[in-house]
Amino acid sequence: MKENIIQQKSFQFAVRIINLYKYLINDKKEFVLSKQILRSGTSIGANIEESIGGQSEKDFLSKLSIAYKEARETIYWLKLLKETDYISKNEFESIFNEADEICKILAKIIITLKGKK
């Protein structure tokens, strides 16, 4: 089976998001924003997995588009966590760079697929 970079990156990102969630609730006692970032950050990989099992090219594109939107939402929550001092600038930059890379990869896949139509 061919190596799927976006599948792997989104899974590893979800693991980081879960660890961030645990840190936020255990150490920072933050229970609202942490739940939001947990949902959006883990949803990226879930939608990518769904796209791989898509029933059609349209279904595949739809699920990838949802994954892209979830990645954008996750970036929003990361920025908010940084600006409200729940995470440090260094913590933010590390995980933000991953989220941004995932967004860029998804955007390129989506643009390529739309160009083939």
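Between atom CD1 of residue I105 and atom OH of residue Y68 there is a gap of 12.5 Å, rounded to the nearest 0.5 Å. In this structure, CD1 in I25 is found 8.5 Å from CG in L38, a value given to the nearest 0.5 Å. One finds the OH atom of Y23 at 8.5 Å from the CD1 atom of I87 (value rounded to the nearest 0.5 Å). Interatomic distance, CD1 of I6 versus CG of L64, reported as 8.5 Å (0.5 Å rounding). With rounding to the nearest 0.5 angstrom, the CG atom of L33 is 12.0 Å from the OH atom of Y21.
With hydrogens and angles disregarded, a donor-acceptor distance shorter than 3.5 Å links the side chain of E30 to the backbone of V32. Panel note: side chain S62, backbone D59; no donor-acceptor pair is recorded below 3.5 Å.
The environment of CZ in F96 is crowded: more than 12 heavy-atom neighbours from other residues, nucleotides or ligands sit within 6.0 Å.
Note on L24 and V15: separate hydrophobic clusters, where clusters join Ile, Leu, Val, Met, Phe, Trp and Tyr whose side-chain heavy atoms are under 4.5 Å apart, directly or indirectly. In the hydrophobic cluster analysis, where Ile, Leu, Val, Met, Phe, Trp and Tyr join through side-chain heavy atoms closer than 4.5 angstrom, Y86 is grouped together with F92.
Listed by first and then second residue, the salt bridge (Lys or Arg N to Asp or Glu O under 4.0 Å) pairs that reach into residues 60-88 are E50-K63, sequence neighbours excluded. Evaluation of the side-chain hydrogen bond (donor to acceptor under 3.5 Å, both in side chains) test over residues 36-47, restricted to residues two or more places apart or in two chains, returns S40-T74, S43-N47.
Residue I102 forms a side chain to side chain contact (heavy atoms under 4.5 Å, CB included) with just one option from I75, I44, N97, and that option is I44.
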